[in-house]
Amino acid sequence: MKNKSEIKPFFYDITLRDGNQALKKPWNTGQKEVIFKELVKLGVQAIEVGFSGSSDMDFEACQHLASVSPDNTVIAGLARAMEKDIVKVADALKPAAKPRVHIFIAMSPFNMKYVLKKDPADVRKTAVDAIKCAKDLIGEKGEVQFSVEHFGDCSQNLDFVIESLQECVKAGATIINLPNTVERYRPLAFARMVETVKNALPRDIMVSVHNHNDLGMATATTVESFFAGAEQLECSLNGLGERAGNTNLYEVAVALHNCGVEVPLNLSQIYETAILTAEMANISIYEKAPLIGEDVLAHRSGIHQDGALKTQKMKKGAYRPIHPSLIGRDDAEKYGFTSQSGKTALYEIIKAKGYPITVEETLRLVPIAKEQAEKFGELPVEAIEDIYLKEIFEVDGPFKFTSFKKLDNGEKDKFNLKFSRKDREYDLTEEGEGPIEACIKALNSAGFRQKLVHYEQSAFGEETKGARADAMTVIQFETEDGKVITCRGKDPSTQKANVKAIFNGLNLIHTE
Ligand code: KIV
Ligand code: ZN
């Protein structure tokens with residue numbers, strides 16, 4: 001007897017049956033084969049290929065898929081508990097190495113009374129007879145699975161269900177599936193019922209669950225049922241299935257993986273499969289769909305952005321359940337800037353665009369970006385770029401630079417600087433070792449004292465055909481109260497880049 005922690009889940013995929021029967025345009029053989037191949041790549045242990053009794057098209061599809069199926073995969077077909085359906089499944093699945101007939105009948109008091117309109121004893125007999133018939137038809141290499149349709153509604157007659165299942169096992173069923181055909185109650189209450197059934201059946205019988213998602217808890221129900229003893233988990237790609245769908249295979253697989261369970265699937269295949277399935281089903285993926293939704297790697301609040309960035313490269317993230325690469329997603333986490341976001345996101349977005357920026361400069365941009373985001377919502381990267389270029393390189397303020405010229409080539413360079421401050425015009429000429437010194441001296445002589453503590457110049461932007469990169473000057477001034485202000489200027493002329501940086505600094509220091 002295996003210890004619980006050693007039990008591997010057995011993934012039984014129902015996309016091609018439950019998923020397909022709920023499509024507005026069910027798939028033909030070729031379309032089913034596309035999904036089938038994807039399931040094989042994903043490595044599921046069993047594939048329910050269809051309901052061969054439902055139409056000739058589905059019979060052919062089941063037959064074809066059985067003929068191309070790998071030897072190590074169980075190929076199952078659904079049948080009502082009636083001979084004509086069972087015959088169709090057995091016929092269609094003949095080419096498969098591991099065929100399985102899946103028979104179902106409802107055993108909930110409500111369904112037996114109002115839908116089947118049969119006595120419980122009749123229902124039990126129908127089930128047992130059907131299993132015996134399937135056992136005969138499917139032969140040595142095959143097996144029989146029996147499902148108690150509406151098991152989730154059987155809490156009142158669980159004893160009857162268990163006794164019936166014991167009969168079903170005696171008749172030859174080796175897999176007992178317990179569907180939550182319509183999700184109405186609690187995941188844990190369902191899981192407890194699963195545990196009760198599991199304990200009442202012989203140990204070698206595989207217990208399975210098949211949970212619908214009417215209340216959005218199918219993943220929880222399936223995961224908890226696994227820990228309650230269900231080994232086979234019936235799931236579908238993208239959660240396709242009747243009404244709100246079936247249990248989403250990816251969510252269950254990842255949840256179990258995160259719980260330390262050995263999941264026998266190629267998890268890195270998940271994302272590709274999800275995109276292809278959405279296309280094939282013509283049902284787009286909701287942007288907030290767990291794991292696979294377009295928006296689920298986006299962080300917008302300042303606190304989340306900070307935590308996400310600090311753990312970005314780690315397997316476990318502060319604000320994500322897995323590293324996206326686990327499921328084959330190669331898009332990185334995204335940091336959108338909204339009125340709820342903070343400096344971290346702004347800094348990262350600007351850096352990611354390849355622009356230089358300091359934290360102090362970012363802090364200056366935050367209120368401006370927030371004001372815009374309050375009006376327009378999440379700012380596109382281009383809008384952030386515009387804010388950056390404007391607020392860093394064209395700082396608005398009382399100083400307006402007009403011109404700066406070198407006057408002669410004496411021992412010391414002479415420069416003429418023209419600018420205005422509010423309504424007053426200045427026209428100053430100064431000498432200096434270079435343009436920076438002359439410009440600062442000119443400003444000092446007009447009473448605008450600046451203490452230069454850092455200077456550097458580098459290229460800004462990329463050289464393109466026919467256009468040189470701008471020169472960028474970075475200057476730091478220390479203000480009278482000891483604060484260090486970083487300011488930048490850029491221009492094709494190195495000299496003008498210097499002066500622009502100085503005037504940007506003046507406008508930052510003297511705001512009026
Ligand atoms: O939801 C359900 O009960 C089913 C059964 C046929 C297994 O799909
Ligand atoms: Zn179902």
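Indexing begins at 1, ligand by ligand and atom by atom, following the structure's order.
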What's the shortest distance from atom 4 (C) of ligand 1 to any protein heavy atom, and which residue and atom give it? His210 NE2, 3.4 Å
Answer yes or no: does an N/O atom from Thr181 fall short of 3.5 Å to an N/O atom of ligand 1? yes
Short N or O distance, His150 and ligand 1, threshold 3.5 Å exclusive: no
Residue and atom name of the nearest protein heavy atom (relative to atom 5 (C) of ligand 1), distance in Å to one decimal: Arg17 NH2, 4.0 Å
What angle, in degrees and rounded to 10°, do you get at the Zn ion (ligand 2) when you join it to OD2 of Asp18 and to NE2 of His212? 100°
Counting only N and O atoms by type, is there a donor-acceptor contact under 3.5 Å from the side chain of Asn28 to the main-chain atoms of Gly30? yes
Taking only Lys NZ, Arg NE, NH1 and NH2, and the carboxylate oxygens of Asp or Glu, determine whether Glu360 and Arg364 approach each other closer than 4.0 Å. yes
Charged N-O contact under 4.0 Å between Glu38 and Lys41: yes
Could you list the atoms of ligand 1 found under 4.0 angstrom from a heavy atom of Glu149? 3 (O)
Aromatic ring pairing Phe151/Phe190, orientation class (parallel under 30°, perpendicular over 60°, tilted between): perpendicular
To the nearest 0.5 angstrom, please state how far the CG atom of Asp85 sits from the NZ atom of Lys88. 9.0 Å
May I ask you to check whether over 12 heavy atoms, not counting those of Lys343, lie within 6.0 Å of atom NZ? no
Going by the atom numbers of ligand 1, which of them fall below 4.0 Å from some non-hydrogen atom of His212? 1 (O)
Quick one: does Glu234 get an N or O within less than 3.5 Å of an N or O on ligand 1? no
What part of Asp18, side chain, backbone, both or neither, has a heavy atom within less than 4.0 angstrom of ligand 1? side chain
Can a salt bridge be assigned to the pair Asp214 and Arg243 using a cut-off of 4.0 Å between side-chain N and carboxylate O? yes
Heavy atom of Glu242 under 4.0 Å from ligand 1? no
